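Input: a single structure, listed below in structure tokens.
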2 protein chains.
Amino acid sequence: MTTIGIVGLGMIGGSVALAARRAGHPVLAWDTDPTTRRRAADGGLAVSADLTTADVIVLAAPMPALTDGLPALLARVRFSDTATITDVGSVKQPVAAAIRAAGLSERYVGGHPMAGTELTGFPAATADLLVGARWVLCLDDHDSERRIAAWLRVAGLITELGAGVLALTAAEHDTAVALISGVPHLLALALSTYAEMSGPVVATLAAGSFADLTRVAGSSRVLLDAVTQQNAAAVRAALRLVLEQLDRPWDDLIELGQAARQSVRAKAAAGGLRGHLPGRTHVLVSGAAQLLELGRAGVVIESVDFGTGVIGYRPGDAVAAYE
Amino acid sequence: MTTIGIVGLGMIGGSVALAARRAGHPVLAWDTDPTTRRRAADGGLAVSADLTTADVIVLAAPMPALTDGLPALLARVRFSDTATITDVGSVKQPVAAAIRAAGLSERYVGGHPMAGTELTGFPAATADLLVGARWVLCLDDHDSERRIAAWLRVAGLITELGAGVLALTAAEHDTAVALISGVPHLLALALSTYAEMSGPVVATLAAGSFADLTRVAGSSRVLLDAVTQQNAAAVRAALRLVLEQLDRPWDDLIELGQAARQSVRAKAAAGGLRGHLPGRTHVLVSGAAQLLELGRAGVVIESVDFGTGVIGYRPGDAVAAYE
């Protein structure tokens with residue numbers, strides 16, 4: 001049993017609070033917004049800025065509050081000198097830099113759950129939102145034992161909530177999400193902008209796949225800034241490489257793109273979770289290098305025993321690629 | 001009451017057949033595939049290659065059969081010398097060229113219903129698929145009275161099936177769908193291809209908006225060829241203009257893209273259909289120029305009286321732009 005302190009009760013933070021409570025953990029929750037605090041209290045959560053009894057602090061505020069705004073955010077809550085700190089920000093290097101500036105690096109583990117809907121705020125939070133999600137948890141190649149212990153503690157909590165953990169460095173995470181999230185958002189914005197310039201016929205006919213593709217252009221300004229501006233170098237690089245694909249003869253592109261989509265779907269399915277089949281593999285964690293090797297092979301960790309350092313994951317195509 | 005002959009019983013052709021039957025029209029249906037013919041007959045449709053009693057022939061075969069394959073397709077069915085001919089191909093200029101080569105231009109009206117799902121084939125056909133769809137029906141600026149009469153006949157049938165008609169030239173249609181359909185499909189293929197090259201981490205994390213954006217990359221080869229290769233010049237032009245948007249500062253792009261998405265959604269809603277409010281406007285058709293002026297303003301025509309030449313549409317933002 002771990003006491004969890006959650007700072008920021010939007011869709012993700014609120015869902016972590018509800019899922020941790022359901023898993024039997026004492027939860028202390030806080031948000032900068034008084035209305036959100038009242039809603040959380042009405043929902044039966046213990047709301048307090050005094051988080052000194054928490055073993056793990058989850059910083060779940062939106063990105064600007066986790067980077068430039070981090071000192072101001074940390075000044076509004078109290079937590080112990082030994083608490084492990086994690087976050088849920090969508091870009092990891094800028095948050096790590098802000099955490100370093102605040103002198104908290106040794107007990108910080110950066111995190112990013114790949115989950116969410118178009119909704120935002122505490123009313124959109126549910127105890128099930130993170131079940132089955134893939135949650136990146138950052139490590140560095142030569143991390144200290146203390147940081148590995150912090151990593152295992154947070155990974156143990158996350159897997160207990162039903163999500164799967166992928167170990168990556170912050171830079172690896174930022175490179176991957178530049179492609180997965182940054183580039184699609186920019187393409188959707190470019191399509192929407194040009195559609196508007198094209199006049200009423202396009203607007204009248206736009207539906208179906210066009211609507212699917214531009215839906216993410218409607219995301220919040222805060223999210224769009226996070227996935228583009230705050231990860232600009234990685235997004236620029238990924239965008240350039242995606243657009244290079246368009247220089248292929250379209251015949252080749254159709255062939256490759258259809259095959260790629262099937263392969264990506266198969267690998268995503270092989271990555272584990274949802275339907276716990278027998279055959280889970282258990283290994284004793286030997287260090288950061290081993291965890292990162294699994295993560296880089298796309299292996300999703302499904303269980304972590306914080307006391308013994310044993311992790312479990314399911315074999316599959318992704319594991320075969322690793323072995 | 002109009003007798004409808006339908007050639008090609010895929011998702012769209014099958015849905016036209018079922019909807020026309022529901023509307024009380026005699027329907028004669030045929031498909032090159034014997035299994036499809038049997039399924040259609042099992043579904044209670046009158047299946048025959050002899051369509052000589054049909055007043056309107058709907059060519060609903062996939063694109064290659066409507067262009068290079070048109071002579072072969074026409075050789076397999078019989079229809080009268082006076083029947084009006086329409087089609088449902090996703091690119092209009094190549095079909096018009098094939099129809100011209102077959103000597104059928106004077107009684108041909110090119111059409112394209114903007115409807116469908118990821119499914120294909122007769123089992124995916126339903127009488128409701130086309131209800132509320134926007135259906136482009138092509139005209140030329142200086143069309144003859146005979147061609148206008150053919151246009152009104154087909155438009156009357158389409159509106160009776162619950163879809164709305166937009167009058168455009170074939171070139172205008174191809175330019176608009178290059179942006180709406182061709183560019184999104186190419187971007188999805190480029191994203192999928194690069195994701196596959198990026199290795200297992202991207203595959204494991206890919207979900208949510210990435211899955212939305214690459215879903216269309218899974219479309220059939222036939223559809224992908226139609227929306228890209230057979231409309232290549234227009235798609236290339238639209239792609240260049242969309243990609244130019246990415247050269248803006250991303251801050252501007254976010255601002256413009258979000259505003260554009262809202263505006264496009266509002267205009268699409270204003271274009272009419274779904275929920276027939278009072279206030280429909282009725283006008284007597286005076287010629288191709290008037291119909292095209294409405295279409296270019298994004299006005300969706302909701303009813304057509306073939307006998308009197310009166311069309312009805314709903315006022316709204318799109319109409320305000322036209323007025």
Side-chain angles (χ1 to χ4, degrees), chain A residues 114 116 134 166 168 172 176 179-181 183-184 186-187 189-196 198 200-210 212-218 221 224 228-229 239 241-243 245-246 250 253-254 256-258 260-261 263-264 267-268 271 296-298 300 318 321, chain B residues 114 116 134 166 168 172 176 179-181 183-184 186-187 189-196 198 200-210 212-218 221 224 228-229 239 241-243 245-246 250 253-254 256-258 260-261 263-264 267-268 271 296-298 300 318 321:
Chain A
M114 311 295 283
R134 278 126 207 239
L166 204 71
L168 294 175
E172 287 165 347
L179 173 64
I180 293 164
S181 182
V183 173
L186 284 178
L187 296 179
L189 289 163
L191 266 174
S192 290
T193 304
Y194 185 60
E196 166 72 5
S198 301
V201 169
V202 165
T204 299
L205 294 180
S209 55
F210 188 85
D212 282 349
L213 271 129
T214 56
R215 188 177 55 80
V216 296
R221 176 78 208 213
L224 287 167
T228 56
Q229 320 268 44
L239 180 61
L241 292 164
V242 168
L243 297 186
Q245 298 303 317
L246 295 171
W250 291 352
L253 184 61
I254 290 172
L256 285 167
Q258 286 192 312
R261 188 177 137 81
S263 167
V264 168
K267 282 188 202 150
R296 287 165 184 155
V300 177
Chain B
M114 310 295 284
R134 278 126 207 240
L166 205 70
L168 294 175
E172 286 166 348
L179 172 64
I180 292 163
S181 182
V183 173
L186 284 178
L187 296 179
L189 289 163
L191 266 174
S192 289
T193 304
Y194 185 60
E196 165 72 4
S198 303
V201 169
V202 165
T204 299
L205 294 180
S209 56
F210 188 83
D212 282 349
L213 272 129
T214 56
R215 189 175 56 80
V216 296
R221 176 77 207 212
L224 287 167
T228 57
Q229 321 267 43
L239 181 60
L241 292 165
V242 169
L243 297 185
Q245 299 303 318
L246 294 170
W250 291 352
L253 184 60
I254 290 173
L256 284 167
Q258 286 192 312
R261 189 177 138 79
S263 166
V264 168
K267 282 188 203 150
R296 287 164 183 155
V300 176

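In what follows, chains carry the letters A, B, and so on, assigned in the order in which the sequence lines appear, proteins first and then strands, with residues in each chain numbered from 1. Note that this is a predicted model, so its numbers are computed, not measured.
Interface residue B/Ser198: only side-chain heavy atoms are found under 4.5 Å from chain A. Heavy atoms of B/Val183 lying under 4.5 Å from chain A belong exclusively to its side chain. Residue B/Leu166 touches chain A through its side chain alone, counting heavy-atom pairs closer than 4.5 Å. Contacts between A/Leu179 and chain B at a heavy-atom distance below 4.5 Å involve backbone atoms as well as side-chain atoms.
Rounding to the nearest 0.5 Å gives a distance of 8.0 Å between CG of B/Leu243 and CG of A/Leu187. With values rounded to the nearest 0.5 angstrom, A/Leu224 atom CG is found 5.0 Å from B/Gln258 atom CD. Distance check: B/Leu246 CG to A/Tyr194 OH gives 13.5 Å after rounding to the nearest 0.5 Å.
Of all heavy-atom pairs spanning A/Ile254 and B/Gln229, the tightest one is CD1-NE2, 4.4 Å. Between B/Pro200 and A/Ala297, the shortest heavy-atom distance links the atoms CB-O, 3.3 Å.
Residues satisfying the side chain to side chain donor-acceptor pair (under 3.5 Å) test with A/Gln245, not counting sequence neighbours, are A/Arg248. Under the side-chain contact (heavy atoms from CB on, under 4.5 Å) criterion, B/Ala217 pairs with A/Arg261, B/Ala188, B/Leu189, B/Ser192, sequence neighbours left out.
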Quiz item: Is there a side-chain contact (heavy atoms from CB on, under 4.5 Å) between A/Leu253 and B/Thr228 once you walk through the steps?
Solution: CA-CA 11 Å; A/Leu253 184 61; B/Thr228 57; over 6 Å; no
Self-check item: Steps toward side-chain contact (heavy atoms from CB on, under 4.5 Å) verdict (A/Thr204, B/Arg134)
Solution: CA-CA 8 Å; A/Thr204 299; B/Arg134 278 126 207 240; 3.5 Å; yes
Quiz item: Does the side-chain contact (heavy atoms from CB on, under 4.5 Å) test come out yes or no for B/Thr193 and A/Val242, once each step is laid out?
Solution: CA-CA 8 Å; B/Thr193 304; A/Val242 168; over 6 Å; no
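Across B/Arg221, B/Glu172, B/Arg296, the residue that shares the most heavy-atom pairs under 4.5 angstrom with chain A is B/Arg221.
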